[in-house]
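The next block holds one structure in the form of structure tokens; read it before the comments.
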Amino acid sequence: MKRPHIPLETLQAQAEACRACPLAEGRTHVVFGTGNPQARVLIVGEAPGKNEDLQGVPFVGAAGKYLNELLAYAGLRREDVYIANVLKCRPPGNRNPMPSEIEVCTPFLREQTRTIDPAFIVTLGNFATKFILKTDRGITGLHGKLYQTGKFMVFPVFHPAAAIYDRRKRADLEDDFATLGEHLLQAGIVARTPQSVVREAEAMADAQLAANGVAVGNGPAPTEMSHGQEPSAAGAPLSESHAGEQESLQF
Ligand code: URA
């Protein structure tokens with residue numbers, strides 16, 4: 001029999017009482033997660049930073065402001081999604097999470113994911129991606145493509161904070177969120193994206209010209225291989241073949 005889902009309030013109370021690792025000593029707040037509990041899209045970051053620790057809310061600092069902008073590329077608003085982190089407490093000086101911290105903290109993320117039951121999980125950066133996809137591959141080789149792990153569609157992207165220090169990552173992030181929007185459109189999770197609005201406007205303009213007897217268009221638009229494909233076997237990326245990774249990509 002399937003274990004019942006644990007309500008988010010219960011999980012949050014448990015996280016707030018947690019003293020399982022030394023990060024509990026230095027925290028101002030446990031940053032459990034926030035957003036729409038019925039979200040179809042779960043965003044998973046790494047760990048709270050200084051502002052998040054002070055406010056108890058994920059992604060409220062500079063990376064969070066940029067994340068809000070990126071969501072719009074996919075046709076999403078912040079209130080449409082749920083946002084959580086791999087670690088619920090801030091590592092001192094924003095150092096990387098330690099394996100022992102990930103091990104004791106991630107049961108919270110796993111239960112959050114079961115309760116929210118999203119269709120898509122967007123992983124921000126290496127730590128979230130490696131944990132969710134159970135892979136050692138880095139984000140540079142994985143970002144911008146769709147993977148299936150168990151029942152979830154997983155879409156890794158660079159961490160938005162990386163783009164604050166490396167502006168070249170901005171183009172990748174913005175392209176990847178636009179690609180995410182295409183997948184969400186196809187899944188019926190968003191009704192429009194900035195790209196689909198432009199496409200509709202172009203189609204209307206073409207129709208208007210055609211109605212006026214002007215020849216329009218350059219033939220059919222090229223089909224994009226990464227969209228419209230049927231999900232492949234669990235764990236296999238949908239837009240690229242990674243032979244031999246099926247086993248390791250299970251959440
Ligand atoms: N970076 C993260 O990974 N999570 C936050 O909540 C804030 C910054």
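First listed ligand is number 1; within each ligand, the first listed atom is number 1. Quick caveat, the model's predicted, so the values are computed rather than measured. For reference, positions follow the sequence shown, starting with 1.
- Residue-level proximity to ligand 1 for Glu46 is carried by backbone and side chain together, each with a heavy atom below 4.0 angstrom.
- Taking the salt bridge (Lys or Arg N to Asp or Glu O under 4.0 Å) definition, one finds that Asp175 meets it with nothing, sequence neighbours left out.
- Listed by atom number, the atoms of ligand 1 under 4.0 Å from Pro58 heavy atoms are 6 (O).
- Among Gly125, Ala84, Gly45, Ala47, the residue whose heavy atom lies nearest to atom 2 (C) of ligand 1 is Ala47.
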Output side-chain donor-acceptor pairs under 3.5 Å for residues 14-24, partner residues at least two apart or in another chain, one line each.
residue: Glu16; atom: OE2; partner: Gln12; partner atom: NE2; Å: 3.1

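- Across Asp53, Leu87, Asn85, heavy-atom proximity to atom 4 (N) of ligand 1 is greatest for Asn85.
- Ion pair Arg77/Glu69 not flagged as a salt bridge, since none of the NZ, NE, NH1 or NH2 atoms sits closer than 4.0 Å to an Asp/Glu carboxylate oxygen.
- A donor-acceptor contact under 3.5 angstrom links the side chains of Asp176 and His143, judged on distance only.
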